[in-house]
S.K.: 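Sharing a structure with you now.
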There are 2 protein chains.
Amino acid sequence: MVTSQQEDFMARDKEETKARILAAVGKLLAESGFKSLGVNAIAREAGVDKVLIYRYFEGLPRLLQCFAQEGDYWPTVDELVGDDSMVDAKTLADWMAYLLSRFSDNLQERPMTQEILRWELLEGNELTRELADVRDKFALDSLKFLETKGPFPPDKDIPAISAVLVAGVVYLMLRTKSSSTFMGIDFSSPDGWQRIEAALNSIVQLTAESKP
Amino acid sequence: MVTSQQEDFMARDKEETKARILAAVGKLLAESGFKSLGVNAIAREAGVDKVLIYRYFEGLPRLLQCFAQEGDYWPTVDELVGDDSMVDAKTLADWMAYLLSRFSDNLQERPMTQEILRWELLEGNELTRELADVRDKFALDSLKFLETKGPFPPDKDIPAISAVLVAGVVYLMLRTKSSSTFMGIDFSSPDGWQRIEAALNSIVQLTAESKP
DNA sequence: ATACCGTGTCACTGAGCGGTGACTTAGATC
DNA sequence: GATCTAAGTCACCGCTCAGTGACACGGTAT
């Protein structure tokens, strides 16, 4: 039994219900994509009456906003790099290649993040705008991190180059779910991805190196 | 008055109706995206009863298939290059940069194609699979075209490099509709795109050149 | 016990969707 | 002119959706 504090949770647990609803959003997002992410589906998945979504979150938009503030849909730079000292990378180019590779692996294992990225491509809403900030913060962190590993050569626009390469990785990643080839490269076999990774490596090495 | 051939169009013009339906598909696709592309919406846009869609095309899937076979949603290499002899490009890298730039411009002016690319990212269906072939054919043509302009250096995987860069361009292009920044670069101003184009140029020049 | 209020349940509306059957109209053929 | 058929119209079904109002339950305070 709950002691009667002035303002707190009852036995029919409001906070737990809210948590279940938020969890249902994440699960549906990862499994079925954002297309089927409606009030009915969420309530069904959470085993909860949909009216509670309106009561506790006053509708889908605010619910998604809440979800955006809670979930971890994006890695931090530290998480991506892991143990700094274990990485055998000397130059700026080495670090760029390493980060790209880790980013690719990380994204592959985040179906929810993939789904959010797809979502962003189609519409701007509360959730996507919220997350755009987080993502750009991550991007700036990454660039700052890179700059500690080797100063950016002044004759190269490292941020723009990074943007193109990251964009490429993201797009290829998002494609592979529904389509297995792109420009004649087969992404259903690990071979295709190895070619991409090798291409990224050579691009970075040749492009980010300060001119000899 | 229509002469009475053995089998042909009546005054209440079946062929014209079919054409109007197909046109409506294109218009809706370009303007409102594929989300709102339903039987009702198409019929409404075409000013036609939806039952005719079922009669003439036996449903949405076949209608889309028909549409895929008619529309020009993708440029040919010739269209992209324009007049061969007017281009001031000498090396393979020059040509790659030129093609990428033209491709980017061309895609920018094809909202329908952009929409189809978004579509492909979300689901595989009759239309998208149909178009995947066309696109890969275009990609192979482009690579073949490039190879006539300069042999691929054996130590570089030109197709894979091209795939990454094209993927990057496509992704950035698709993003700009709903979100204006990516990795700290602002795509609402022409400045952002200029940085990207410059980055592509330097990447291509440094990467595709045969090693000196 | 009773009244109260937070929590959860149920039933419903109105709208839009894909899809279908029955009807009307226009034109060609006889 | 009567008839037949293709082209187009209309009304409807069953479903899912977002959103809402009315009600049932269960602790708490009085």
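Side chains are part of it too, since the values below use all heavy atoms of this structure and drop only hydrogens, waters and symmetry mates. A, B, ... follow the sequence lines: proteins, then strands. Residue 1 opens every chain.
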S.K.: Suppose the criterion is salt bridge (charged side-chain N to carboxylate O under 4.0 Å, His left out): which pairs have a residue in residues 189-207 of chain B, not counting sequence neighbours?
M.R.: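 Checked against salt bridge (charged side-chain N to carboxylate O under 4.0 Å, His left out) - neighbours excluded - the pairs reaching residues 189-207 of chain B are A:Asp157-B:Arg195.
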
S.K.: Examine C:dT7: is either OP1 or OP2 under 4.0 Å from a nitrogen or oxygen in the side chain of A:Thr17? Give yes or no.
M.R.: no

S.K.: Ring-plane angle category for B:Phe34 and B:Trp119, please: parallel below 30°, perpendicular beyond 60°, tilted otherwise.
M.R.: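 Answer is parallel, since the angle falls under 30°.
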
S.K.: So does A:Gly124 get a backbone contact from the side chain of A:Arg129, meaning a donor-acceptor N/O pair under 3.5 Å?
M.R.: yes

S.K.: Aromatic rings A:Phe103 and A:Trp74: how do their planes relate, parallel, tilted or perpendicular, breaks at 30° and 60°?
M.R.: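 The rings of A:Phe103 and A:Trp74 sit tilted, inter-plane angle from 30° to 60°.
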
S.K.: Return the minimal non-hydrogen interatomic distance between A:Ile116 and A:Leu29, and the atom names on each side.
M.R.: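 Where A:Ile116 meets A:Leu29 most closely, the heavy atoms are CG1-CD2, 4.0 Å.
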
S.K.: When you measure from the side chain of B:Asn125 to the backbone N and O of B:Thr128, does any donor-acceptor pair fall under 3.5 Å?
M.R.: yes

S.K.: Return the value, rounded to whole Å, for the distance between atom CD1 of B:Ile53 and atom P of D:dA7.
M.R.: 16 Å

S.K.: Between residues 123-131 of chain A and DNA chain C, which residues have a heavy-atom gap below 4.0 Å?
M.R.: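 The answer is none.
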
S.K.: Give the minimum heavy-atom separation between A:Leu131 and A:Ala68, together with the two atoms involved.
M.R.: CD1-CB, 3.4 Å

S.K.: Identify, residue by residue, the members of residues 19-29 of chain A with a heavy atom below 4.0 Å from DNA chain C, and return them in order of residue number, or none.
M.R.: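 Residues of residues 19-29 of chain A under 4.0 Å from DNA chain C: none.
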
S.K.: What is the distance from CD of B:Glu58 to C1' of C:dT20, rounded to the nearest Å?
M.R.: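 Taking CD of B:Glu58 and C1' of C:dT20, I get 15 Å after rounding.
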
S.K.: Looking only at non-hydrogen atoms, find the nearest pair between A:Leu80 and A:Arg102 and report the distance.
M.R.: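 Closest approach of A:Leu80 to A:Arg102, heavy atoms only: O-CZ, 3.2 Å.
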
S.K.: Minimum heavy-atom separation for B:Phe57 and B:Arg62, please, with both atom names.
M.R.: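 Closest approach of B:Phe57 to B:Arg62, heavy atoms only: O-CB, 3.1 Å.
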
S.K.: Mind calculating the distance between NZ (B:Lys14) and P (D:dA6) to the nearest angstrom?
M.R.: 9 Å

S.K.: What's the spacing between A:Met173 CE and A:Phe187 CZ if we round to 0.5 Å?
M.R.: 10.0 Å

S.K.: Mind calculating the distance between NZ (B:Lys18) and C1' (D:dA7) to the nearest angstrom?
M.R.: 13 Å

S.K.: In whole Å, I'd like the distance from the CG atom of B:Asp13 to the P atom of D:dG8.
M.R.: 8 Å

S.K.: Between protein and nucleotides 13-23 of chain D, map the contacts as a letter string: B base, S sugar-phosphate only, - none, heavy atoms under 4.0 Å, written 5' to 3'.
M.R.: ----BBBBB--

S.K.: Mark yes or no for whether A:Tyr98, through its side chain, and A:Val81, through its backbone, hold a donor-acceptor pair below 3.5 Å.
M.R.: yes

S.K.: In chain order, what residues pass the side-chain hydrogen bond (donor to acceptor under 3.5 Å, both in side chains) check against B:Thr17, with sequence neighbours excluded?
M.R.: none

S.K.: Rounding to 10 degrees, work out the angle separating the end axes of the helix from C:dA1-D:dT30 to C:dC30-D:dG1 (five pairs an end).
M.R.: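 Comparing the first five pairs with the last five, the axes sit 30° apart.
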
S.K.: I need the CD-C1' distance between B:Glu15 and D:dA7, as an integer number of Å.
M.R.: 12 Å

S.K.: Specify the separation, in whole Å, of atom CZ of B:Phe57 and atom C1' of C:dT20.
M.R.: 19 Å

S.K.: Could you tell me whether a side-chain N or O of B:Arg44 sits under 3.5 Å from a main-chain N or O of B:Val39, the two making a donor and an acceptor?
M.R.: no

